[in-house]
Structure formats: structure tokens, C-alpha cells
Amino acid sequence: MKTLLAGLCALVLAVWGWDVAQATWPATAHPWWIARQELLYLSGLLSIALMSLAMLLATRPGWLEAPLGGMDRIYRTHKWAGIIGIGLAAAHWLVEMGDDILKSTIGREGRLPKEKYTGFLEVLRDLAKDMGEWAIYAVLLMLVITLWRRFPYRAWRFLHRAMPVLYLVLAFHAVLLAPRDYWQQPLGALVAVLVVAGSYGAFRALAGGIGRTRRHAGSVVAIEHPAPEVTSVRCKMGDDWPGHRPGQFAFVTFDAREGGHPFTIASADQGDGTIAFQIKALGDYTGTLAQWLAVGQPVGIEGPYGCFDLDRCDARARQIWIAGGIGVTPFLAWLEALSRERAHAPVAELHYCTRDSATDPFVGRLQALCAHLPSVRLTVHDASAGDRLQAAALSDAASGEVWFCGPSGLADTLRAELARLGRRPRFHQEAFEMR
């Protein structure tokens, strides 16, 4: 994620810097007015570049899953590209408003001459300026409610549908207000490519085309409640279901008004179109799911997605698998798959962190699966008994490969402890915060 965002920003900075190096200004231009203009352009360029990336990634491009490490990371990159892009849009607006400060300090003398336009183009530029300002206010409001975690998901999802329209307005603003000389330089070509890519994502979202080729219909065939806060759902998919790899997830729609939510497929592919989910009550939607979900109810599945994949484990590295709470679901699928191919099971240690092993619905299932896999050693860490997983308990972590699925706080703690111990294993982690 950081590499892609930093690389895009570096590319924009490079082509912008090349334009600045080639530019000439009137001898009467004041340095502060020049700086203000270039900051205005740079903030706008970076903003539209990042928002274009966010719109493209919103289309869930399957061809980017392997390079970026999974659809969960694509959405994480989408999220932060949008947040940073909106922040830069706010900075762009502040720089624009800052001309009054310069007028009051150094005066109007030394201002750069404005480019002259006439006719319909002038009308379009005035419209683009006004629309862009109002669009910035709207995306700032969207950013606030996105970061406000208590804002209801359903309402947020409804409002979020306006983002493609707001993006198109900002793209219109960027293209119409870009200096003429940009379109004769690499900077103009870059802006054009970014806007085309972002507009593709926006129009595809507005047309309802995101994920269309991966949508499959099925029905709920079994519901269980292994624990008060956990709902186990088994679904039967149609003949078009392509199957899945152990550890992948899907966007599951039980209620069309609510839309799809990402859940890990907690079962191995049996070849019969049957898939299972273990859903924990973590929010307003999952907290009420058990009350209205019924056997026979239709379900929409979009997927499968993800690269938290058993086949990606490095056979040469010591395997260290860590699950926390409901993060055990991909490992249930892994163990089910390995139980049918025991000869291919890697040597691994599986650490499961639970609040109370006596009431945990997954401990017995893990023990039964691992009993048939001698190469996988299971350790249950029971927080109620004071047993919390620490990095020192991970054997051969320096040369091992860690696969982690669970609370981000636990992951951060383990990473910090491993760093203090001088161990820096390859660390795979699911990033399921799609909002």
C-alpha cells in the first residue's frame, strides 16, 4: 500500500518538478505569488491523482490482487488514497483562499498574470471552479462520516454512492482549470491517464458494474449458533460457482438493502458448491443477523477474493500461523483442506488466541482437525487463564513465515515484540477494514 501511494505521489512530483524547471515567469512576479500558484497546482495534482487511484481500486480489479497482496489490501489502499486525496483537496482549497493573506501582506504587485479565455470555454472554466469548490465541501463531509466509526454503516453506504459523482465533478474541475502548457508536456499526459482511469471507475460504479462478473446466487441451507455471539451459516451455491481456495473471502449479501459484507469462507472447497461462514456479532448488522436469517433464504455471493491462501505458504520457511478470535476462520479452511491431503501438510505451529477456551466454539474444532495433522502443532492461548501470546513463544520466528488473522492490536503488539527481539519474519496479515 505505502509503496503504491508513495510511488504515485513521487511520479506526480517528478513531472510537476520538470514543468517548474522549464517554466519562466515575468521579471515583476513576486516569489511568494509564484510559490502560491505552484502549491495550488501541486496540491490539486496530487489530490486528483490519489482520488483517481481510489476510484480505479473501487472497481475491485482482480488483476491487481496478486501484485498488491489481496483484495483486502486493495481496499485498504483505496481507503487511504481517498483519505489523503481529500486531505490534499482541502489543502488545495486553503491555498486558493490564501490569496487574501498575500494581498494584505505583500500587496497585489507581483501577481502572476491570469491566462485569458473567451467564449464557451470561459463559461466552462467558471462553472468548473464553482462546482469544484462545492464538491470539496461534500467530500470533506464524506471523509468526516467515514472516519466517524459510530455512523451507521447502511447510511454511510448510501451516502458513499455519491462519491463517483463527486469525483467526476472534481475531475472536470482539474481538467478545465489546468494551465494550457500542461497539455503540451508529460504532466498533461499523466493527468489525462489518471482522469481516464478514475472516470472509468466512477462510471462503472454508477452503472452497478463493480463485481458483476463475480456475482453468484445461492441459498442458506443450514444455520447454527455455536456460541451466543457467533452464527454459523452454510450456503449452497449454483452451478456457476467457480470454487475457492482455502483462506479466501467473499462479499456476502443476505439483505439487498444492506449490501455485501466481507466474510472469510470458513470451509475448504468440497467441489459441491457448499460454503460456510462463521460470523461474529461485531456491529449493528452482524449483531442482529441471527434474529432474521432463515434457512432457504436467498444469498448473493461476490467472489471469491483474497490472497490469504494456503498455496502461497513458503514450503522452505518455518510456518507460524496465528489466529485471534473470529480470525480463526481462514485457518479452519486451511486445516480442512490439509486433512484431505495430509502428505502435503507443512510443518507448522498454530497459535489460537481466545478470551475463554472453555466457552470458545472453535477450540474443539481446531483440536479435532489438528489431531489428524501430526505436522501441525496447536497451542491455545487462553486469556481468562492469563495465557497471552508473546513473540518470544514463536519458535524460529526470525527465519519463519507468519500468517496472522485477528485483531490489529494483537498484530501490532507482536510485530513490535518481534522487532525488539531482532526477528523480522515475513508477516502476512488480513486487513478487513473496508470502511
Side-chain angles (χ1 to χ4, degrees), residues 50-62 70-86 89 135 137-170 198 200-218 220 231 233 235 249-264 277 279-293 297-306 326 408 430-435:
L50 289 168
M51 284 195 274
S52 296
L53 175 63
M55 288 308 309
L56 178 63
L57 295 182
T59 64
R60 300 174 189 161
M71 190 57 65
D72 56 319
R73 297 193 179 278
I74 287 177
Y75 257 79
R76 190 176 184 181
T77 306
H78 157 81
K79 170 186 172 180
W80 283 105
I83 289 174
I84 299 171
I86 292 173
Y137 299 151
V139 294
L140 283 172
L141 177 61
M142 184 64 68
L143 177 60
V144 170
I145 65 174
T146 296
L147 297 177
W148 181 23
R149 305 302 298 177
R150 293 190 177 184
F151 193 84
Y153 176 84
R154 182 179 292 183
W156 172 82
R157 180 174 172 268
F158 177 78
L159 292 173
H160 199 66
R161 292 176 179 174
M163 284 303 296
V165 176
L166 295 175
Y167 168 80
L168 290 172
V169 171
L170 291 171
Y200 160 79
F203 283 117
R204 188 170 177 187
L206 292 172
I210 294 177
R212 180 178 293 168
T213 59
R214 292 199 178 192
R215 294 176 191 166
H216 310 278
V220 177
T231 301
V233 183
C235 303
F249 72 93
F251 291 93
V252 184
T253 302
F254 294 117
D255 181 355
R257 296 171 301 175
E258 182 71 22
H261 285 252
F263 298 117
T264 298
F277 301 96
I279 303 171
K280 188 172 183 178
L282 296 173
D284 53 348
Y285 171 69
T286 53
T288 62
L289 187 64
Q291 301 173 16
W292 53 266
L293 195 62
Q297 185 171 325
V299 59
I301 305 290
E302 182 193 323
Y305 292 109
I326 201 64
S408 57
E430 289 270 68
F432 259 148
E433 291 188 12
M434 301 289 182
R435 172 180 170 182

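If you're wondering where the values come from, they're calculated on a predicted model, not measured in any experiment. Numbers here simply count residues along the sequence, with the first being 1.
- Within the 4.5 Å cutoff, no side-chain heavy atoms of W156 are placed close to those of W148.
- Rounding to the nearest 0.5 Å gives a distance of 11.0 Å between OG1 of T286 and CZ of F254.
- For the residue pair V169 and A135, the shortest heavy atom distance occurs at CG1-CB, 3.7 Å.
- With a 4.5 Å cut-off on side-chain heavy atoms, V252 and V233 do not count as touching.
- In this structure, NE2 on H261 lies 7.5 Å from CZ on R157, to the nearest 0.5 angstrom.
- What you find for A202 and Y167 is that their closest heavy atoms are CB-CD2, 4.0 Å.
- Side-chain contact between I86 and M51 is present, with at least one heavy-atom pair separated by less than 4.5 Å.
- Using a 4.5 Å heavy-atom cutoff, the side chains of L159 and M142 are in contact.
- No side-chain heavy atom of R214 sits under 4.5 Å from any side-chain heavy atom of F251.
- Around OH of Y137, the count of heavy atoms belonging to other residues, nucleotides or ligands within 6.0 Å exceeds 12.
- With rounding to the nearest 0.5 Å, the separation of OH in Y285 from CG in D255 is 6.5 Å.
- Scanning all heavy atoms of the two residues, the minimum distance from I145 to F151 falls at O-CB, 3.8 Å.
- Note that CG of L166 is 9.5 Å distant from CE of M55, once rounded to the nearest 0.5 Å.
- Using a distance-only test at 3.5 Å, with no hydrogens or angles considered, a donor-acceptor pair links the side chain of R215 to the main chain of I210.
- Atom CD in E258 sits 9.5 Å away from atom CG in L289 (nearest 0.5 Å).
- Counting heavy atoms from C-beta on, the side chains of Y200 and T59 come closer than 4.5 Å.
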Q | Check against side chain to side chain contact (heavy atoms under 4.5 Å, CB included), F203 and L168 | A | CA-CA 9 Å; F203 283 117; L168 290 172; 3.9 Å; yes
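- The minimum heavy-atom distance linking A281 with G287 is given by the pair CB-CA, 3.7 Å.
- Between L206 and R161, the closest side-chain pair of non-hydrogen atoms is not below 4.5 Å.
- Between V299 and F277 there is no side-chain heavy-atom pair separated by less than 4.5 Å.
- In terms of heavy atoms, H160 sits closest to H78 at NE2-NE2, 4.3 Å.
- Summarising the geometry of T264 relative to F249, their closest heavy-atom pair is CA-CB, 3.7 Å, with the distance given to 0.1 Å.
- Once rounded to the nearest 0.5 Å, the distance linking CG of L147 with NZ of K79 reads 7.5 Å.
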